Amino acid sequence: MTFKFGDINGDNYVSQAEADFIFSKIGTTVNTSNFCDPADAFPSGNADFDQDGVITVTDWSCANANVGVTGD
């Protein structure tokens, strides 16, 4: 089982750090220039769960609800 909402680094675990990162990126437009910013702790493009092109509070809410959840 893989958690689509919240696991932005692909380790099959939704950490508080991932939710905090998404929260810090609210309002960020997702495009090729910021998808893999080396200054970011996580790939911000993976945080746009609803794929609307912007990281929003909706994306953060999805991740925050899954903090601490581990897959198989």
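All values reported here derive from a predicted model rather than from experimental measurement.
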Peer 1: Could you tell me which non-hydrogen atom of Y13 sits nearest to which non-hydrogen atom of T70, and how far apart they are?
Peer 2: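 That would be CD1-OG1, 3.0 Å.
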Peer 1: Search all heavy atoms of A63 against all heavy atoms of V14 and return the closest pair with its distance.
Peer 2: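 Looking at all heavy atoms of both residues, the closest pair is O-CG1, 3.6 Å.
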Peer 1: Is the shortest side-chain heavy-atom distance between V30 and S44 below 4.5 Å?
Peer 2: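 Not in contact.
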Peer 1: Step by step, would you call V54 with D48 a side chain to side chain contact (heavy atoms under 4.5 Å, CB included)?
Peer 2: CA-CA 6 Å; V54 180; D48 183 21; 5.8 Å; no
Peer 1: How many angstroms lie between atom CG of N66 and atom CZ of F5, to the nearest 0.5 angstrom?
Peer 2: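 Here the rounded value is 9.0 Å.
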Peer 1: Between E18 and N9 (side chain of the first, backbone of the second, donor and acceptor by atom type, cut-off under 3.5 Å), is there such a pair?
Peer 2: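 Here the side-chain-to-backbone pair exists.
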Peer 1: In Å and rounded to the nearest 0.5 Å, what is the CZ to CD1 distance from F49 to I55?
Peer 2: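 Those atoms lie 8.5 Å apart.
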Peer 1: Could you tell me the separation between the CG atom of D50 and the CG atom of D59, rounded to the nearest 0.5 Å?
Peer 2: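 If we round to the nearest 0.5 Å, D50:CG and D59:CG are 4.5 Å apart.
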Peer 1: Any chance you could lay out the side chain to side chain contact (heavy atoms under 4.5 Å, CB included) test for Q16 and N64, step after step, and finish with the verdict?
Peer 2: CA-CA 8 Å; Q16 184 65 53; N64 197 52; 4.2 Å; yes
Peer 1: If we only count heavy atoms from C-beta on, is the F42 to I22 side-chain gap below 4.5 Å?
Peer 2: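 Not in contact.
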